[in-house]
Undergrad: 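Submitted below is the structure of interest, expressed as structure tokens.
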Amino acid sequence: MNQNEILLKKTLSNVLGVGSDALDDDSSMDTISTWDSVKHLNLVLALEDAFSITFTEEQTMEIISYPLIKLVLAEHGVSFDI
């Protein structure tokens with residue numbers, strides 16, 4: 001796991017109140033009970049701050065799962081390769 005993935009898991013863990021070890025490719029708004037609309041907005045802001053990026057409005061709507069967050073971050077040049 002590279003530094004960007006560690007930062008992503010830490011950010012998700014802090015905002016959603018779940019253990020970082022519980023986050024994987026199956027994690028989504030449907031599988032994490034604390035991930036509601038308010039937490040989603042907090043997550044958007046926290047990710048933008050953590051990775052020094054700005055999501056488009058469309059991207060804020062797309063990032064509803066762990067794999068989709070990684071995909072959108074990759075669009076901003078964030079690498080998850082080891």
Side-chain angles (χ1 to χ4, degrees):
M1 186 175 340
N2 74 7
Q3 292 298 335
N4 287 330
E5 188 139 13
I6 292 168
L7 179 57
L8 173 58
K9 285 189 173 199
K10 180 180 176 187
T11 304
L12 284 165
S13 176
N14 288 341
V15 172
L16 300 175
V18 297
S20 61
D21 57 330
L23 298 166
D24 58 26
D25 285 345
D26 294 326
S27 300
S28 71
M29 287 184 87
D30 294 331
T31 62
I32 299 175
S33 62
T34 58
W35 193 341
D36 59 16
S37 58
V38 173
K39 292 280 175 103
H40 185 76
L41 292 175
N42 291 338
L43 181 59
V44 168
L45 296 173
L47 289 169
E48 287 181 331
D49 185 52
F51 290 97
S52 300
I53 59 169
T54 302
F55 292 122
T56 66
E57 186 175 334
E58 182 178 296
Q59 288 172 329
T60 63
M61 303 296 279
E62 291 175 351
I63 58 170
I64 58 171
S65 70
Y66 188 78
L68 289 173
I69 291 170
K70 286 174 66 174
L71 184 66
V72 170
L73 287 173
E75 292 173 6
H76 286 272
V78 178
S79 172
F80 290 97
D81 297 332
I82 295 176

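These numbers were taken from a predicted model, which means no experiment stands behind them.
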Undergrad: When rounded to the nearest 0.5 angstrom, what distance separates CG in L23 from CG in L16?
TA: 7.0 Å
Undergrad: Atom CD of E62 and atom CD of E75: how far apart are they, to the nearest 0.5 Å?
TA: 6.5 Å
Undergrad: Are L12 and L41 grouped together when hydrophobic residues (ILVMFWY) are joined by side-chain heavy atoms under 4.5 angstrom apart?
TA: no
Undergrad: Do any N or O atoms from the side chain of K70 and from the backbone of F80 form a donor-acceptor pair under 3.5 angstrom?
TA: no
Undergrad: Scan residues 28-39 for pairs that pass side-chain hydrogen bond (donor to acceptor under 3.5 Å, both in side chains), counting only residues two or more places apart or in two chains.
TA: W35-H40
Undergrad: Between F55 and H76, is there a side-chain heavy-atom distance shorter than 4.5 Å?
TA: yes
Undergrad: Linking I/L/V/M/F/W/Y whenever any side-chain heavy atoms sit under 4.5 Å apart, do V18 and L68 land together?
TA: yes
Undergrad: May I ask you to decide if T56's main-chain N or O and Q59's side chain share a donor-acceptor pair within less than 3.5 Å?
TA: yes
Undergrad: Output yes when a side-chain donor or acceptor of N4 lies under 3.5 Å from a complementary backbone atom of S79, and no otherwise.
TA: yes
Undergrad: Shared ILVMFWY cluster between L47 and L71, side chains joined below 4.5 angstrom?
TA: yes
Undergrad: Any donor-acceptor pair under 3.5 Å linking the side chain of D25 with the backbone of Y66?
TA: no
Undergrad: Rounded to the nearest 0.5 Å, what separation is found between the CE atom of M1 and the OG atom of S20?
TA: 7.5 Å
Undergrad: Could you see if L45 belongs to whatever hydrophobic cluster contains I32? Use Ile, Leu, Val, Met, Phe, Trp, Tyr and a side-chain cutoff under 4.5 Å.
TA: no
Undergrad: At what distance, to the nearest 0.5 angstrom, does CG of L73 lie from CD of E48?
TA: 10.0 Å
Undergrad: CD1/I64 to OG1/T60 distance, rounded to the nearest 0.5 angstrom?
TA: 11.5 Å
Undergrad: Are any side-chain N or O atoms of N42 and backbone N or O atoms of V15, one a donor and one an acceptor, separated by less than 3.5 Å?
TA: no
